[in-house]
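No hydrogens, no waters, no symmetry mates; every other heavy atom, side chains included, goes into these values. Labels below follow one simple rule: chain letters A, B, ... track the order of the sequence lines, proteins then strands, and each chain is numbered from 1.
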Amino acid sequence: MRYSQLLLPTLKETPAEAEVVSHRLLLRAGFIRKLTSGVYTYLPLGLAAIRKVEQIVRQEMNRAGAQEVLLPVVQPADLWIESGRWVKYGPELLRFKDRHERESCLGPTHEEVITDLVRKNVHSYKNLPLNLYQIQTKFRDEIRPRFGLMRGREFIMKDGYSFDGTEDAANATYNKMHEAYQRIFKRCGLSFRAVEADTGSIGGSFSHEFMVLAETGEDTLAICKSGNKAPSGEICNYAANMEKAAGQPPAPLVSEPQLLPLKKIETPGKRKVQAVTEFLGIAPQNLVKTMIYVADGKPVAVLVRGDHEVQPVKLKNMLGAVDVEMADDKQAFGFTGVPTGYLGPVGMKITVVADREVTVMRNFAIGASEKNYHYLNANLGRDFEVSAVGDLRMVTEDDCCPVCGGELEFTKGIEVGHIFKLGTSYSEALQATFLDGNGKEQFFIMGCYGIGVSRTVAASIEQNHDQDGIVFPLPIAPYQVVILNLSPKDEQITQAAEDIYQGLLAAGVEVLLDDRDERPGSKFKDADLIGIPFRVMVGKSFTQEGLIEIRRRDNGQSISVPLSEAVDNLVATIRAELNELSA
RNA sequence: CGGGGCGUAGCGCAGCCUGGUUAGCGCGCCUGCCUUGGGAGCAGGAGGUCGGAGGUUCGAAUCCUCUCGCCCCGACCA
């Protein structure tokens with residue numbers, strides 16, 4: 001491609017709307033333009049980068065035995081009503097009526113459609129396993145779109161769905177996808193981590209997220225940094241997101257301390273943990289706080305140690321609830337008749353559950369369920385009972401790895417992929433069955449596998465940039481090489497640039513020729529900004545010494561070679577680097 | 001949804017508080033000259049219903065009301 005003919009409107013100044021690096025650079029480098037909130041147009045270079053990611057995804061999905069399809073964007077409400085998600089999905093699902101007043105929606109994901117397809121067309125175990133995927137524009141009406149391509153309302157996603165006949169087969173498929181995802185993100189040249197995750201609104205039994213590691217990530221991950229050997233004998237690589245991450249279970253008490261008598265103390269105006277513990281002269285670790293949550297409309301009291309925090313997703317999973325939210329002060333008072341700050345489990349009318357750490361606490365402080373009073377020396381089992389115990393709290397960096405006991409470290413990441421083992425939740429809801437070898441009707445065991453394609457490009461920029469612009473990894477760069485003709489009026493230079501351009505094209509290299517009538521400085525700046533991995537400069541040094549300069553965008557190293565060697569040199573380097581990543 | 005902010009040329013902004021000639025500046029864009037290894041210089045030029053509607057006023061980018069759009073923050077740890 002010749003730069004002079006390319007729609008590549010780079011900007012010297014940063015548009016005011018852009019907050020994060022990837023958004024700023026995507027705009028400045030002329031990759032995207034915003035149409036409206038959370039909705040972007042992809043310009044030629046932006047699209048080229050997206051296509052590169054798509055192509056890697058396709059190759060690896062196909063290699064793993066999946067087949068590509070393309071499902072409709074517009075979907076009838078009926079299917080969503082049938083699966084139960086018309087009600088559950090909430091306002092992110094953009095709904096509308098067509099001219100016949102039929103309820104419809106724009107697909108934010110395609111479990112319903114694919115399950116419908118399979119139930120109508122696959123009826124025998126002989127056709128299993130089946131793994132279908134598509135790469136398509138999705139629409140989710142996000143509450144607050146932000147960060148450009150990182151959290152748009154419209155975005156490009158690869159979503160895949162697998163159908164298996166047995167648990168073993170389904171698990172094998174899941175593992176195969178896990179491997180495919182590892183290969184995909186490695187081939188994209190990204191530094192990433194697979195972490196254990198909650199299954200969220202999609203539902204299912206287990207799940208991993210693929211996170212690109214970057215300071216600006218929206219998610220926090222807990223990863224084991226011990227390098228210890230896990231019981232399995234492998235190096236421990238435990239990693240989980242905050243919704244899922246756990247520490248080691250609490251150590252049992254070495255010796256059972258004497259239980260002291262329960263004692264009611266006046267604590268006027270002391271509501272917050274810090275205020276109460278300071279007033280009582282105890283550590284927050286010796287207080288149990290009582291948090292009121294609303295789970296599917298029903299109140300539940302959650303007990304956690306004073307210095308811990310409830311992890312709502314863990315609570316949701318323990319209760320088997322669809323929706324869990326913390327009650328506000330008014331709701332909490334309505335449920336318990338006690339003002340927040342003095343809530344306690346003794347005499348609590350609503351369901352009480354406890355974090356497992358509470359079970360190893362003795363003689364601790366709690367609210368007295370009465371304004372301005374707390375109890376000292378409360379004990380679980382003697383003074384109150386709970387209906388369930390489990391890991392309900394957020395891990396901290398003080399916790400130890402649940403697998404090997406090593407040190408946990410928190411890092412930020414950007415979710416670019418998510419795989420779920422769904423089980424039979426959708427096949428049951430939509431009555432999708434096949435006949436097994438015994439002629440018995442069975443539900444398909446499903447999995448689903450997503451990759452945020454447009455987000456992957458943004459995440460890559462978050463991870464790979466410098467002051468001058470984007471630094472694309474070679475495999476997803478919109479062009480592999482940019483040739484700068486530094487003196488378009490000089491015939492000798494122009495001819496040399498042209499020769500290299502034709503030579504690279506003939507060798508199948510993706511190359512951009514900057515043939516614009518611009519000063520060299522502008523060309524350098526633009527080349528840096530758009531992040532092309534290899535920059536070839538044809539200028540003075542060619543007319544004077546016959547040398548072509550080849551410079552790497554990532555580390556700035558450059559070499560000078562004779563014209564005759566330029567093409568071969570680049571081709572060899574590019575091949576070698578791509579091979580290394582796809583090995 | 002709540003809170004805050006912004007909307008003036010393609011982009012970035014000033015002007016508004018304290019109403020008053022032809023509404024400015026930088027970048028970009030067009031023409032010419034000049035220059036050519038890190039976003040040069042000179043000269044000339046195009047481009048604005050000041051987001052929209054209504055109101056106050058002799059007079060509104062400026063004051064008031066409504067409206068639309070966009071950006072940022074916010075999911076409550078008692």
Side-chain angles (χ1 to χ4, degrees), chain A residues 9-20 23-24 27-28 30 33-39 90-91 143-148 267 269-277 284 287-294 301-313 315 323-333 336 338-344 355 366-367 369 371-372 374 392-394 396 467-469 484-490 493-494 514 516-529 535-545 547-549 551 556 558 560:
Chain A
T10 57
L11 303 171
K12 268 191 196 176
E13 288 171 290
T14 306
E17 68 195 53
E19 189 76 359
V20 298
H23 191 192
R24 264 204 312 268
L27 287 167
R28 279 197 59 209
R33 285 295 181 263
K34 185 175 71 181
L35 180 62
T36 183
S37 180
V39 178
I143 307 173
R144 186 146 97 83
R146 53 185 136 180
F147 306 147
T267 50
K270 308 296 179 193
R271 301 172 63 242
K272 301 264 179 189
V273 168
Q274 198 192 345
V276 173
T277 53
L287 177 134
V288 167
K289 58 188 179 185
T290 305
M291 312 295 301
I292 307 299
Y293 277 79
V294 183
V302 185
L303 306 182
V304 290
R305 210 168 78 184
D307 58 332
H308 287 157
E309 293 185 15
V310 175
Q311 168 45 255
V313 173
L315 177 63
D323 181 53
V324 163
E325 273 185 60
M326 186 182 285
D328 60 30
D329 287 359
K330 215 171 133 193
Q331 285 175 304
F333 185 80
T336 62
V338 177
T340 57
Y342 307 100
L343 287 162
D355 178 60
I366 53 172
S369 293
K371 187 169 181 185
N372 292 339
H374 280 78
L392 293 176
R393 70 177 177 90
M394 204 86 86
T396 70
Q467 292 172 330
D468 295 315
L484 306 190
N485 177 345
L486 295 176
S487 190
K489 294 215 171 82
D490 182 313
I493 287 173
T494 299
D514 192 345
R516 294 174 301 166
D517 183 18
E518 291 285 340
R519 297 165 59 84
S522 303
K523 298 191 177 190
F524 291 136
K525 289 290 184 190
D526 279 332
D528 285 346
L529 183 59
R535 181 167 101 196
V536 176
M537 285 155 288
V538 189
K540 236 173 19 200
S541 57
F542 177 67
T543 41
Q544 287 170 4
E545 304 157 67
L547 291 177
I548 306 295
E549 186 183 346
R551 183 185 161 99
S558 76
S560 291

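- Looking at A:E549 and A:S560, their side chains never bring a donor and an acceptor atom within 3.5 Å of each other.
- With rounding to the nearest 0.5 angstrom, the OG atom of A:S487 is 9.5 Å from the CG atom of A:D517.
- Across all strands shown, B:rA75 forms no Watson-Crick or G-U wobble pair with both key distances under 3.5 Å.
- Here, B:rC71 and B:rU8 have their P atoms 14 Å apart, quoted to the whole Å.
- The nucleotide B:rG38 finds no pairing partner, because no Watson-Crick or G-U wobble arrangement with both distances shorter than 3.5 Å includes it.
- Between the side chain of A:K523 and the main chain of A:D514, a donor-acceptor pair closer than 3.5 Å is present.
- Salt-bridge annotation for A:R146 and A:E19: absent, with no side-chain N of the basic residue lying under 4.0 Å from a carboxylate O of the acidic one.
- As judged by a 4.0 angstrom heavy-atom cut-off over every strand, A:A527 is placed among residues making no nucleic acid contact.
- Here CZ of A:R535 is found 11.0 Å from CG of A:D526. Values are rounded to the nearest 0.5 Å.
- Rounded to a whole Å, the CG atom of A:L315 is 13 Å from the P atom of B:rC76.
- Checking the phosphate oxygens (OP1, OP2) of B:rC70, no side-chain nitrogen or oxygen of A:K34 falls inside 4.0 Å.
- For B:rG32 and B:rC72, the C1' atoms lie 46 Å apart once the distance is rounded to whole Å.
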Would you tabulate the nitrogen or oxygen pairs shorter than 3.5 Å linking the protein to nucleotides 72-74 of chain B?
residue: B:rC73; atom: OP2; partner: A:R144; partner atom: NH1; Å: 2.9
residue: B:rC73; atom: OP2; partner: A:R144; partner atom: NH2; Å: 2.5

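- At least one side-chain heavy atom of A:T267 sits under 4.5 Å from a side-chain heavy atom of A:Y342.
- In this entry the distance linking CG of A:D355 with P of B:rC77 reads 18 Å, nearest Å.
- B:rG38 and B:rG47: their C1' atoms are spaced 31 Å apart (whole Å).
- Among the heavy atoms of the strands, none lies under 4.0 Å from A:V304.
- Heavy atoms of A:T14 sit under 4.0 angstrom from primed sugar atoms or phosphate atoms, though from no base atom.
- Between A:K289 atom NZ and A:D307 atom CG the span is 8.0 Å, to the nearest 0.5 Å.
- One N or O on the side chain of A:S369 and one on the backbone of A:G344 form a donor-acceptor pair closer than 3.5 Å.
- When both pairing distances are held under 3.5 Å, B:rG7 makes a Watson-Crick or G-U pair with B:rC68.
- The C1' atoms of B:rC73 and B:rC27 are separated by 31 Å, rounded to the nearest whole Å.
- To the nearest 0.5 Å, atom CZ of residue A:R516 and atom CG of residue A:L484 are 8.5 Å apart.
- With hydrogens and angles disregarded, a donor-acceptor distance shorter than 3.5 Å links the side chain of A:Q311 to the backbone of A:V313.
- Under the Watson-Crick and G-U wobble criteria, each requiring two contacts below 3.5 Å, nucleotide B:rG44 is paired to B:rC30.
- A close approach under 4.0 Å does occur between a side-chain nitrogen or oxygen of A:T36 and OP1 or OP2 of B:rC70.
- Between the A:Q331 side chain and the A:D328 main chain, a donor and an acceptor come within less than 3.5 Å of each other.
- Separation of the P atoms belonging to B:rC63 and B:rG26 is 26 Å when rounded to the nearest angstrom.
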Detail all sub-3.5 Å separations between protein N/O atoms and N/O atoms belonging to nucleotides 13-15 of chain B.
none

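- B:rA23 and B:rU65 have their P atoms separated by 27 Å, given to the nearest Å.
- Note on A:D490: nothing from the nucleic acid sits closer than 4.0 angstrom, heavy atoms only.
- Nucleotides B:rG19 and B:rG2 are separated by 34 Å at their P atoms, to the nearest Å.
- Expressed to the nearest 0.5 Å, how far CG of A:L287 lies from CZ of A:R305 amounts to 11.0 Å.
- Across the protein-nucleic acid pair, A:E13 atom CD and B:rA9 atom C1' stand 14 Å apart, rounded to whole Å.
- Remark: the separation of the P atoms in B:rA46 and B:rU18 is 37 Å, to the nearest Å.
- Comparing A:G38 and A:E325 by the nucleotide of RNA chain B that holds the closest heavy atom to each, the one mapping nearer the 5' end is A:G38.
- Between A:M394 atom CE and B:rA75 atom P there is a gap of 12 Å when expressed in whole angstrom units.
- Rounding to the nearest 0.5 angstrom, the gap separating the OH atom in A:Y293 from the CG atom in A:L392 is 9.5 Å.
- In this structure, B:rC58 and B:rG20 make a Watson-Crick or G-U wobble pair, each of the two defining distances being under 3.5 angstrom.
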Fill in the blank from the handout: B/S/- along nucleotides 35-44 of chain B (protein heavy atoms under 4.0 Å) is BBBBBB----

